[in-house]
Amino acid sequence: MTIVILLIIGFFTAFIGSIAGIGGGTILVPSLLFMNHISESFNWATPQKIVGISLVVMVFTGLSSTISYLKSRRIDYKSGLIFLIGSLPGGVFGSWLNQFLNDDTFSLVFGLVMIGISLLFFFKKSGQPNSKTAESKLYIQRSITINGHSHYYAVPVIWGILLAFGVGILSGLFGIGGGSLMVPAMILLFGFPAHIATATSMFMIFFMSLFSSGTHIALGHVEWAYTLAFIPGAWVGGTVGAKLNQRMKSHTIEWVLRVILILIGIRLIWEGIG
């Protein structure tokens, strides 16, 4: 029965994560924390092991989603690589910090982070890059066409790397893949179209999870018997979610992400306080 539950969680984790570009850690981590509270068969699910499992599973979620997004040409590789320069070392550092968190602190802080991220969507998005920005060598200029509509935006190189480093730390610390932080940042701060932000995020999550999970494996935080049960569901869910994302409107994707983060945040804060 436990294996079936893990397969189901794996599928919905990757399905929802791929649609919103958040990788699925924001679904998988609180799901296992919840199961730990209600079922003795999940006594093994400590914060450290949950995060380790989440990051390993997201390697497969990120890979399956990236393969699907490759076909639609919605991944901004150039911007993604800039973000990875900061997020990869940040992820390793965050994974090391994770070992110092206990159960209640983990739930409470994670919940507050999720609520904070959801509130970012109420801020005004960044406008089109101006002429001064377009001429600066400190920015990467991007022009992408989706369904006949051209989108222009600019990524500040230094600020992007520093932001991604902070995102990487939170990714390794909480096992959330970083997408729940990077997608809002890409949309709100840098003016990414939602479809490009989610696809690029999944591309980044594959590499971020690969590096961060390596640290958790070295620290002995990965229960392989349970981890392997997540992977088939995560692979299928990631592929299906990526295909559905391509049929959705940008505004709908943003609302899906916002609602998910708020609900999860409230649930985790309640557990942390209780």
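- Nearest heavy atom pair, residue Trp235 against residue Phe60, reads CE3-O, 3.7 Å.
- Applying the ring pair (Phe, Tyr, Trp, His ring centres under 6.0 Å) criterion to Phe230, with sequence neighbours excluded, gives no partner residue.
- A pairwise comparison of heavy atoms in Leu32 and Ala45 identifies O-CB, 4.1 Å as the closest pair.
- Considering only heavy atoms from C-beta on, Ile140 comes within 4.5 Å of Val157 through its side chain.
- Inter-residue side-chain proximity for Val155 and Tyr139 is flagged as unmet; no heavy-atom pair is nearer than 4.5 Å.
- For CH2 of Trp44, the number of neighbouring non-hydrogen atoms (other residues, nucleotides, ligands) closer than 6.0 Å is greater than 12.
- One N or O on the side chain of Ser64 and one on the backbone of Thr61 form a donor-acceptor pair closer than 3.5 Å.
- Annotation: side chain of Val59 is not in contact with side chain of Ile231 (no heavy-atom distance under 4.5 Å).
- A donor-acceptor pair is defined here as one N or O able to donate and one able to accept, closer than 3.5 Å; no such pair exists between the side chain of Ser209 and the backbone of Phe206.
- Annotation for Gly191 and Tyr153: closest pair O-CB, 3.7 Å, computed over non-hydrogen atoms.
- The aromatic rings of Phe93 and Trp96 lie parallel to each other, their planes meeting at an angle below 30°, with 60° marking the opposite boundary.
- The line from CG of Leu97 to CD1 of Ile169 is 7.0 Å long, rounded to the nearest 0.5 Å.
- One hydrophobic cluster, built from ILVMFWY side chains closer than 4.5 Å, cannot hold both Ile50 and Leu219; they sit in different ones.
- The OG atom of Ser201 sits 12.5 Å away from atom CG of Asp76, with the distance rounded to the nearest 0.5 Å.
- Shown here for Thr200 and Arg74, the closest heavy-atom pair between the two residues is OG1-O, 4.1 Å.
- The side-chain heavy atoms of Phe11 and Ile16, taken from C-beta on, include no pair separated by under 4.5 Å.
- For the side-chain contact (heavy atoms from CB on, under 4.5 Å) test with Met58, the passing option among Ile205, Thr13, Ile53 is Ile205; the others fail.
- Below 30°, between 30° and 60°, or above 60°: for Phe192 and Phe83 the angle between ring planes is between 30° and 60°, a tilted geometry.
- Using a 4.5 Å heavy-atom threshold, the side chains of Phe42 and Ile5 count as touching.
- Minimum interatomic distance between Met35 and Ile9 (heavy atoms only, all atoms of both residues): CG-CD1, 4.4 Å.
- Counting only heavy atoms from C-beta outward, the side chains of Val222 and Ser213 never approach each other to under 4.5 Å.
- Judged by distance alone, with hydrogens and angles left aside, the side-chain atoms of Thr198 form a donor-acceptor pair with the main-chain N or O of His195 at under 3.5 Å.
- In terms of the ring pair (Phe, Tyr, Trp, His ring centres under 6.0 Å) criterion, residue partners of Phe203 (sequence neighbours excluded) are, by chain and number, Tyr77, Phe207.
- Using a 4.5 Å heavy-atom threshold, the side chains of Phe15 and Val236 count as separate.
- Taking all atoms of both residues into account, the shortest heavy-atom contact from Ala185 to Leu163 is CB-CD2, 3.6 Å.
- Counting heavy-atom neighbours within 6.0 Å of Phe165 CZ, excluding the residue itself, gives a total above 12.
- Annotation: side chain of Leu55 is in contact with side chain of Val51 (closest heavy-atom distance under 4.5 Å).
- Taken to the nearest 0.5 Å, the CG atom of Asn43 stands 11.0 Å off from the NE2 atom of His37.
- Here salt bridge (Lys or Arg N to Asp or Glu O under 4.0 Å) pairs that include residues 211-226, with residues two or more places apart or in two chains, are Lys49-Glu223.
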